[in-house]
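Scroll down for the structure; my scribbles are underneath it.
Bear in mind the structure is a predicted one, so any value in this text is a computation, not a measurement.
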Amino acid sequence: MFNFFYNIMSGNHYNKISLESNKLTEAVKQAIMYIQDNYTDKITTGSLSEYVHYNEYYFMRVFKKYTGRTIVEFLTEYRLEKSKELLKNEDLTVEDVAYRVGFSSNSYFIRKFRDMFKVTPGEFRKLINKT
């Protein structure tokens, strides 16, 4: 008990908070790098949390605090951005693009693409190829 009050009075508790904050920042960076390197694979909040060695529910809150997005939102948006690059290749069908960037459902991919970019992947492809 005495040590607790001593640490508070001497300011030592701030160092511990700062160290934990740095560890969390590094964990979020590692998670983002993992997503960037493995976005085509199946990634779950549980597998990502395990990768950075944090409790799943705790890390979900931390990730959102640092990025402003949930893990699923961040992963989905990253995959959608990557899909734009693949849609420039006319040899790939929209379904092929969806699966190559990690979506397991073509209809979900199309819906999310339209939500984010306000056009379907097919419409996007037509717009890109006109220029």
* To do: Measure across L86 and R125 and return the closest heavy-atom pair with its distance rounded to 0.1 Å.
  => O-NH2, 4.0 Å

* With distance as the sole test, does T76 use its side chain to make a donor-acceptor pair with the main-chain N or O of E73 at under 3.5 Å? -> no

* Report yes or no: does E26 contribute a side-chain atom to a donor-acceptor pair with the main-chain N or O of K23 at less than 3.5 Å? => no

* Structure fact -> All heavy atoms of V52 vs all of A31, minimum pair found to be CG1-N, 4.0 Å

* Structure fact -> On a heavy-atom basis, the closest approach of N106 and A98 is OD1-CB, 3.9 Å

* State whether the side chain of R69 and the backbone N or O of F74 hold a donor-acceptor pair below 3.5 Å, judged by distance alone. => no

* Find the distance between CD1 (I71) and OG (S47) and round it off to the nearest 0.5 Å. => 9.0 Å

* **Y54 reachable from V72 in the ILVMFWY side-chain graph, under 4.5 Å edges** => no

* Structure fact -> Scanning both residues in full, the closest heavy-atom pair of Y39 with Q36 reads CD2-O, 3.4 Å

* Asked: Rounded to the nearest 0.5 Å, what separation is found between the CG atom of D41 and the CD1 atom of I35?
  -> 12.0 Å

* Asked: Looking at the rings of Y99 and F103, which for Trp means the six-membered one, are their centres under 6.0 Å apart?
  -> no

* Asked: When you check the gap from the basic side-chain N to the acidic O, do E81 and K84 get nearer than 4.0 Å?
  -> yes

* Starting from the C-alpha separation in whole Å, work towards a yes-or-no answer on side chain to side chain donor-acceptor pair (under 3.5 Å) for N22 and T25. => CA-CA 5 Å; N22 288 338; T25 301; 5.1 Å; no

* What closest approach, in Å, do L87 and P121 show between heavy atoms, and which atom pair accounts for it? -> CD1-CB, 3.9 Å

* What is the distance from atom NZ of K29 to atom OH of Y66, rounded to the nearest 0.5 Å? -> 10.0 Å

* Asked: Taking all atoms of both residues into account, what is the closest heavy-atom pair of K42 and R79, and its distance?
  -> CA-NH2, 4.5 Å

* Passing candidate, side-chain contact (heavy atoms from CB on, under 4.5 Å) with N38, options L48, L75, I43 -> I43

* Could you tell me whether E50 atom CD has more than 12 heavy atoms of other residues or ligands within 6.0 Å of it? => no

* Structure fact -> Separation between CZ (F124) and NZ (K118), nearest 0.5 Å, reads 15.0 Å

